[in-house]
Amino acid sequence: YLEFVRSSSPTGVDNKPKLNRYSTHLTREHDFPGAQAMLFAAGVPDRLAMQTAPHVGIASVWWEGNPCNMHLLDLAKEVKKAVQSRDMLAWQYNTVGVSDAITMGNQGMRFSLQTREIIADSIETVTCAEAHDANITIPGCDKNMPGCIMGMARHNRPSLMIYGGTIDKGYSKTLRRPINVATCYEAFGAYTYNTLRQPDDGGDTSKTKDEIMEDLERNACPGAGACGGMYTANTMATAIESMGLSLPGSSSTPATSPAKMRECAKAAEAIKTCLELDITPKKLITKRSFENALVITMALGGSTNAVLHFLAMAVTAGVELTLDDFQRVSDKIPFIADLAPSGKYAMADLYEIGGIPSVQKFLIAAGLLDGDIPTVTGKTLAENVASWPSLPADQVIIKSLESPIKKSGHIQILKGNFAPAGAVAKITGKEGLKFVGKARTFDKEVQLNEALNRGEIPAGENLVLIVRYEGPKGGPGMPEQLKASAAIMGAKLTNVALVTDGRYSGASHGFIVGHVTPEAAVGGPIALVEDGDEITIDAETNSISMAVSDEELEKRRQKWTPPRMVVTRGVLAKYAALVSDASHGAVTDLF
Ligand code: FES
């Protein structure tokens with residue numbers, strides 16, 4: 001590992017970088033007395049600290065009103081105390097974020113993805129403007145994690161991430177089983193199609209559907225923490241830990257556990273190590289560490305949103321990662337985790353049997369995960385997890401590699417005349433590997449939701465429900481469509497596949513294809529589909545195609561006119577003007 005540091009550090013370990021090498025421009029001698037006066041006022045205790053202590057920015061994505069984020073200020077305060085106790089200056093600040101679950105299915109969801117850019121912009125801005133020497137980020141909800149890593153890659157100063165942690169499981173007395181927020185979305189479909197029932201196993205079945213909904217809404221989220229299955233937040237946190245950018249256990253330690261507070265205290269020691277060894281984000285964000293991110297995402301059945309976020313992180317860090325890398329890794333990595341949304345268990349259950357470090361240890365031993373990558377502890381990933389317990393022999397969450405849930409990964413990259421620049425499907429195998437159906441098109445998700453509300457999607461013939469003009473530019477903001485996919489699962493409409501140029505939530509499952517590129521708003525083929533066209537989705541040949549000839553498509557293209565931009569001012573207008581396509585991560589700084 002030291003070899004790595006020597007070869008990659010501009011100064012090397014024998015000639016350590018000054019720990020305050022950015023802030024020293026403001027704090028040395030009396031070059032900037034005004035700046036120093038402000039810093040004394042803000043809390044620098046004395047002249048020695050002013051001239052020698054590194055400045056560590058602590059960026060939490062805290063706000064009230066969302067369980068994923070509501071506790072992050074408390075974590076940040078713990079980090080601040082620990083940083084100060086190690087003779088460093090700690091400066092807390094905040095970035096905005098939004099709740100994916102709260103905005104889901106309404107107009108607010110358009111604002112979600114672009115918060116990833118705002119978070120990255122905020123962290124880059126404060127770190128560079130305030131001359132911070134290091135950065136600790138504390139994200140919680142979905143877009144927070146990639147936003148933090150992108151911010152860290154942009155300023156490239158010693159950094160680490162503390163994940164806010166997963167939520168505990170909820171429990172429904174009426175359904176008599178553990179529940180989570182996704183249960184509520186799925187129940188909406190059953191509620192609409194009048195199939196929401198208490199289990200008929202000898203218990204009390206007297207509750208009305210409204211009483212059952214009330215019970216679910218009251219009990220799905222028992223406190224602080226991000227959505228508890230292998231949804232986007234836990235997927236991103238797991239991948240980032242497997243890239244070496246957070247402390248061991250960060251992604252599986254529950255938000256309310258005392259171990260999460262201990263992690264905050266340990267972060268101070270790690271950030272000092274990063275400063276001393278000049279371990280900067282771009283030394284950790286490499287093609288090799290992305291390989292680990294892809295492996296663990298496939299093994300654990302992570303969210304399709306990981307594709308978009310990994311591409312964005314890679315573009316930001318200058319690492320060449322393409323959709324083909326996802327397919328290559330998906331082809332070789334078995335899907336082995338019985339975790340929600342497609343499985344039974346939650347991250348809190350995985351924590352009980354050792355958590356992500358135990359899974360990493362298992363995958364390193366199997367030769368699937370690269371244990372030699374460097375990490376923010378100053379040690380390799382394998383060294384970090386060496387003292388962690390192995391997965392218990394009698395555990396049931398992580399299957400053996402010999403008897404996986406599926407022999408290859410669940411994320412499939414599809415291409416074809418429907419999506420020439422790619423689309424992302426999540427295929428666990430439970431729903432089959434091929435789907436052929438007639439197209440039914442919806443311009444905007446709201447139209448599909450209204451059709452579902454009216455119970456208009458028939459359970460008879462195979463249908464491919466296409467939601468378009470919901471891409472990065474068209475949405476704008478590439479909104480997630482959990483509401484429709486969950487309602488369809490809840491209503492047990494197994495005869496439909498969902499296809500969109502927008503995204504699906506990490507909590508979605510079923511036969512779903514998102515991120516169709518080029519998107520409808522720029523005239524991609526998805527804009528030219530007509531109701532009744534035959535669509536084939538084939539996970540074995542990695543293709544998505546429509547039975548429409550090139551000549552016919554060309555005729556339709558001649559008649560197509562670009563949609564009028566619905567948003568012309570404000571943050572979404574800026575986003576729509578700047579954003580790249582989904583196959584390049586939907587970032588706003590790629591020109
Ligand atoms: Fe925040 Fe699900 S809404 S992680």
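In listed order, ligands and their atoms are each counted from 1.
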**Q** By the definition side chain to side chain donor-acceptor pair (under 3.5 Å), identify the one residue from K266, E263, E241 that meets it with S250.
**A** E263
**Q** So that I can tick it off, tell me whether D121 and R154 are bridged by a salt bridge, with the cut-off set at under 4.0 angstrom between side-chain N and carboxylate O.
**A** yes
**Q** Only one of N69, T95, N94 forms a side chain to side chain donor-acceptor pair (under 3.5 Å) with S60, so which one is it?
**A**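 Going through the options one by one, the only one that passes is N94.
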**Q** Can you tell me how far apart CD (E480) and CD (E445) are? Round to the nearest 0.5 Å.
**A**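 Spacing of CD (E480) from CD (E445) equals 10.0 Å.
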**Q** Apply side-chain hydrogen bond (donor to acceptor under 3.5 Å, both in side chains) to residues D501 and H515 and explain how you reach the verdict.
**A** CA-CA 5 Å; D501 53 4; H515 309 208; over 6 Å; no
**Q** Using a strict cut-off of less than 4.0 Å between a Lys/Arg side-chain nitrogen and an Asp/Glu carboxylate oxygen, indicate whether K473 and D581 qualify as a salt bridge.
**A**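 Salt bridge between K473 and D581, a charged N being under 4.0 Å from a carboxylate O: no.
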**Q** Which protein N, O or S atoms does atom 2 (Fe) of ligand 1 have within a distance shorter than 2.8 Å?
**A**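 Checking every protein N, O and S atom gives C227 SG.
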